[in-house]
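Let me begin by presenting the structure, written as structure tokens, before commenting on it.
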Amino acid sequence: MFVGYNTEKVVRTSDIPVLVIKSKNENFSVENFVFAINWEDNNTEALIEANSLSNTVGAQITLLHINTPGHYLTTQEITDEFESLFKDTGIIANDVVAKIYSDSS
């Protein structure tokens with residue numbers, strides 16, 4: 001268990017997926033969670049596991065691509081990446097929400 005800045009550092013620097021729960025909850029349930037995508041091959045297995053977890057707990061998974069000037073992709077390139085990801089993982093596109101967030105950093 002980590003608190004405060006340590007949690008942020010672990011999330012930011014971890015090579016493996018990290019689940020952050022902000023506060024103690026006696027009746028813990030997950031309805032939604034976000035999986036940030038950077039289109040690296042090593043994300044594929046983590047995404048498969050995250051999708052499996054979402055199915056197990058009955059949660060909606062949102063796949064998020066953050067589009068920045070340093071790693072900018074066109075809408076078509078992102079669409080192609082999502083389609084390829086669904087093909088490679090066997091995830092059904094209609095079972096997830098895919099979002100793009102664009103900003104300067």
Side-chain angles (χ1 to χ4, degrees):
M1 176 187 286
F2 300 99
V3 178
Y5 177 76
N6 291 326
T7 302
E8 185 273 333
K9 185 176 180 182
V10 168
V11 170
R12 187 170 33 87
T13 61
S14 179
D15 291 334
I16 61 172
V18 177
L19 176 63
V20 176
I21 302 171
K22 289 184 164 188
S23 61
K24 186 174 183 175
N25 186 328
E26 297 299 324
N27 299 311
F28 179 75
S29 68
V30 179
E31 294 176 12
N32 302 290
F33 66 90
V34 175
F35 187 94
I37 302 262
N38 65 4
W39 310 116
E40 293 179 4
D41 290 336
N42 61 359
N43 278 323
T44 304
E45 210 159 305
L47 175 57
I48 291 169
E49 291 296 323
N51 189 60
S52 176
L53 175 62
S54 75
N55 291 334
T56 298
V57 299
Q60 175 65 59
I61 186 169
T62 298
L63 307 180
L64 174 66
H65 171 73
I66 300 174
N67 210 17
T68 59
H71 296 86
Y72 180 80
L73 296 175
T74 66
T75 300
Q76 186 59 56
E77 289 170 326
I78 295 169
T79 300
D80 292 347
E81 290 286 357
F82 273 122
E83 288 177 4
S84 177
L85 185 68
F86 296 143
K87 181 180 174 190
D88 292 345
T89 61
I91 293 172
I92 300 169
N94 291 337
D95 290 347
V96 300
V97 175
K99 296 276 186 173
I100 304 166
Y101 181 81
S102 298
D103 210 328
S104 59
S105 63

Would you tabulate the side-chain donor-acceptor contacts of residues 68-75 under 3.5 Å, counting partners in other chains and residues two or more places apart, or write 'none'?
from: Thr74; atom 1: OG1; to: Glu77; atom 2: N; distance (Å): 3.1
from: Thr74; atom 1: OG1; to: Glu77; atom 2: OE1; distance (Å): 3.3

Q | side-chain contact (heavy atoms from CB on, under 4.5 Å) involving Ser105 - partner list, sequence neighbours excluded | A | none
Q.
The criterion is side chain to side chain donor-acceptor pair (under 3.5 Å); which residues satisfy it with Tyr101, sequence neighbours excluded?
A. Asp103
Q) What residues form a side chain to side chain donor-acceptor pair (under 3.5 Å) with Ser14, not counting sequence neighbours? A) none
Q: Apply the side-chain contact (heavy atoms from CB on, under 4.5 Å) test between Ile91 and each candidate in Leu63, Leu85, Leu47; give the one that qualifies.
A: Leu47
Q: Hey, could you give me the CG/CD1 distance between Asn32 and Ile61, rounded to the nearest 0.5 Å?
A: 10.5 Å
(Q) Minimum heavy-atom separation for His65 and Ile78, please, with both atom names. (A) CD2-CD1, 3.5 Å
Q. Under the side-chain hydrogen bond (donor to acceptor under 3.5 Å, both in side chains) rule, what pairs show up with a residue in residues 82-96, not counting sequence neighbours?
A. none
**Q.** Nearest-0.5 Å distance, CD of residue Glu81 to CG of residue Asn38
**A.** 10.0 Å
Q: Not counting sequence neighbours, list each pair that qualifies as a side-chain hydrogen bond (donor to acceptor under 3.5 Å, both in side chains) and has a residue in residues 47-63.
A: none
Q | Listed partners of Ala46 passing side-chain contact (heavy atoms from CB on, under 4.5 Å), at least two apart | A | Pro17, Phe35
Q: Go through the structure and list residues passing ring pair (Phe, Tyr, Trp, His ring centres under 6.0 Å) with Phe82, not counting sequence neighbours.
A: Trp39
Q) Residues two or more places apart in sequence or in another chain: which of them pass side chain to side chain donor-acceptor pair (under 3.5 Å) with Gln76? A) Asp80
Q. Which heavy atom of Val30 sits nearest a heavy atom of Ala59, and at what distance?
A. O-CB, 3.5 Å
